[in-house]
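Data block below; observations after.
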Amino acid sequence: MDPDLYRSAQTQSGVSPFWAQKYSNDASKNWEKFYKRNSTNFFKDRHWTSTESTDGFPCLAEHKDDRTVVVEAGCGVANCAFPLLDTNPNIFVHAFDFAPTAIELIKSNGRYDEDRMNAFVWDFCTQPLSEVDRETRGSLESGEVDFCLLVFVLSAVPPAKHASGLRNLYNLLKPGGKVLFRDYATGDLAQNRFSCKNRIDENYYVRQDRTLSFFFSEEELRSCMAEIGFEEIYVRRVQRIIENRKEKLKMNRVFLQAEFGKPRTDQ
Ligand SMILES: C[S@@+](CC[C@H](N)C(=O)[O-])C[C@H]1O[C@@H](n2cnc3c(N)ncnc32)[C@H](O)[C@@H]1O
């Protein structure tokens with residue numbers, strides 16, 4: 001990209017406060033439209049979550065309790081949850097998303113096993129768990145969760161709602177429980193491709209389909225998590241050059257991978 005255009009896209013906002021508020025208010029409606037349009041055809045299964053690789057969270061496979069309780073926040077159509085259940089027999093997953101169609105697609109999938117999974121609708125940024133109907137949320141209780149997967153979700157949440165969402169996840173965890181985080185980082189190719197027309201604020205954009213896209217710096221993530229009371233285990237920047245041989249393109253993807261714990265002393 002032309003360096004002048006790039007600089008202008010990073011500093012000018014093309015979205016008025018009125019529209020920024022509207023995109024934020026309509027976030028669940030816009031994701032609902034996304035799943036009606038794309039069904040299960042957009043995201044691919046993520047097989048790496050419990051692996052030893054630098055992309056994985058090996059603590060998921062190492063946790064040897066008879067029943068490990070995992071929450072997948074903003075699960076979409078369960079591209080993390082299904083592979084995780086295939087390889088880890090002791091895991092039970094509570095998977096939630098605020099797009100009802102995504103949850104319907106999970107429940108009508110042949111891989112859905114009620115004995116090992118509960119999928120339900122929840123907007124975790126605007127509602128505490130106690131306000132979600134018991135019948136829907138099944139056996140999920142605050143303070144009983146070992147791990148919370150937060151994979152490419154917080155970037156879809158307006159920054160003003162990050163703290164309320166993270167607080168609700170904090171309350172779900174047991175003392176010593178962990179948030180396992182992966183999301184887009186500043187400098188990612190997708191950020192560089194946004195024009196200033198789509199920029200709402202620093203590192204914050206709206207896509208053509210009206211879904212939101214925030215890019216995290218290490219400092220931003222650390223301060224957000226510390227504000228809630230999480231303890232940092234690690235935060236690292238993961239860089240991947242992805243080659244599209246057909247188009248002869250090299251794509252520089254940048255993610256943040258992180259784990260944060262709820263202090264053991266917080267009962
Ligand atoms: C980029 S998709 C990622 C889906 C899934 N985590 C994955 O890795 O394939 C972001 C997801 O977050 C969900 N989401 C965004 N904000 C949410 C909120 N406040 N409450 C629940 N789900 C939310 C969207 O509906 C969407 O399914």
Side-chain angles (χ1 to χ4, degrees), residues 23-51 55-57 60 70-85 93-107 109 111 117-129 131-132 136-137 140 147-172 179-185 188 190-191 204-216 224 238 253 255-258:
Y23 296 139
S24 168
N25 295 346
D26 291 352
S28 65
K29 247 195 258 170
N30 291 329
W31 275 104
E32 175 63 4
K33 284 184 192 159
F34 173 93
Y35 288 109
K36 283 206 185 300
R37 200 166 51 242
N38 294 300
S39 182
T40 54
N41 303 319
F42 194 86
F43 300 114
K44 292 204 175 79
D45 269 5
R46 306 189 197 281
H47 291 281
W48 45 264
T49 48
S50 63
T51 63
D55 292 319
F57 301 110
L60 280 170
V70 175
V71 158
E72 189 186 354
C75 59
V77 289
N79 294 103
C80 283
F82 284 139
L84 192 62
L85 287 164
V93 178
H94 296 277
F96 69 81
D97 200 285
F98 66 3
T101 294
I103 299 303
E104 279 160 28
L105 286 164
I106 294 177
K107 289 189 155 179
N109 190 316
R111 295 161 88 188
M117 188 173 183
N118 178 41
F120 65 103
V121 177
W122 181 25
D123 181 343
F124 75 112
C125 295
T126 58
Q127 228 187 351
L129 180 72
E131 285 178 13
V132 181
T136 330
R137 69 175 147 109
L140 179 59
F147 298 103
C148 176
L149 271 170
L150 196 54
V151 174
F152 299 116
V153 176
L154 215 55
S155 58
V157 170
K161 293 186 181 170
H162 285 175
S164 57
L166 288 171
R167 197 163 298 116
N168 285 332
L169 298 184
Y170 184 94
N171 291 337
L172 294 181
V179 164
L180 310 177
F181 177 95
R182 186 177 176 95
D183 219 322
Y184 301 107
D188 179 50
Q191 179 174 21
Y204 181 35
Y205 305 82
V206 59
R207 298 190 187 91
Q208 238 171 0
D209 65 2
R210 300 187 167 200
T211 59
L212 299 164
S213 184
F214 185 79
F215 296 85
F216 286 89
C224 246
V238 179
R253 303 311 313 258
F255 309 109
L256 285 192
Q257 178 100 3

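Atoms within each ligand, like the ligands themselves, are counted from 1 in listed order. Numbering of residues begins at 1 and proceeds along the displayed sequence.
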4.5 Å side-chain heavy-atom contact, Arg137 and Phe96: no

Considering only non-hydrogen protein atoms, determine which one is nearest to atom 13 (C) of ligand 1 and report residue, atom name and distance to 0.1 Å. Asp97 OD2, 3.3 Å

Quick look: Cys75 vs ligand 1, heavy-atom contacts under 4.0 Å, and the answer is backbone

Under the side chain to side chain contact (heavy atoms under 4.5 Å, CB included) criterion, do Phe214 and Leu154 qualify, and how do the steps go? CA-CA 8 Å; Phe214 185 79; Leu154 215 55; over 6 Å; no

Is any N or O atom of Val151, backbone or side chain, closer than 3.5 Å to an N or O atom of ligand 1? yes

Is any N or O atom of Trp31, backbone or side chain, closer than 3.5 Å to an N or O atom of ligand 1? no

Quick one: which ligand 1 atoms are inside 4.0 Å of a heavy atom on Phe152? 1 (C), 2 (S), 3 (C), 10 (C)

Heavy-atom contacts with Gly76 under 4.0 Å: which atoms of ligand 1 show up? List them by number with element. 27 (O)

Which of these, Phe152, Phe255, Tyr205, sits in a ring-ring contact (aromatic ring centres under 6.0 Å, His included) with Phe215? Tyr205

Looking only at non-hydrogen atoms, find the nearest pair between Pro100 and Val121 and report the distance. CA-CG2, 3.8 Å

Nearest heavy atom to atom 26 (C) of ligand 1 wins, so pick from Trp122, Phe124, Tyr35, Phe98. Tyr35

Those atoms of ligand 1 less than 4.0 Å from some heavy atom in Cys125: 19 (N)

Heavy-atom contact check, 4.0 Å cutoff: does Phe34 meet ligand 1? no

Which atoms from ligand 1 have a heavy atom of Gly74 less than 4.0 Å away? 4 (C), 5 (C), 6 (N), 11 (C), 12 (O), 13 (C), 22 (N)

Is there any N or O on Val157 that sits under 3.5 Å from an N or O of ligand 1? no

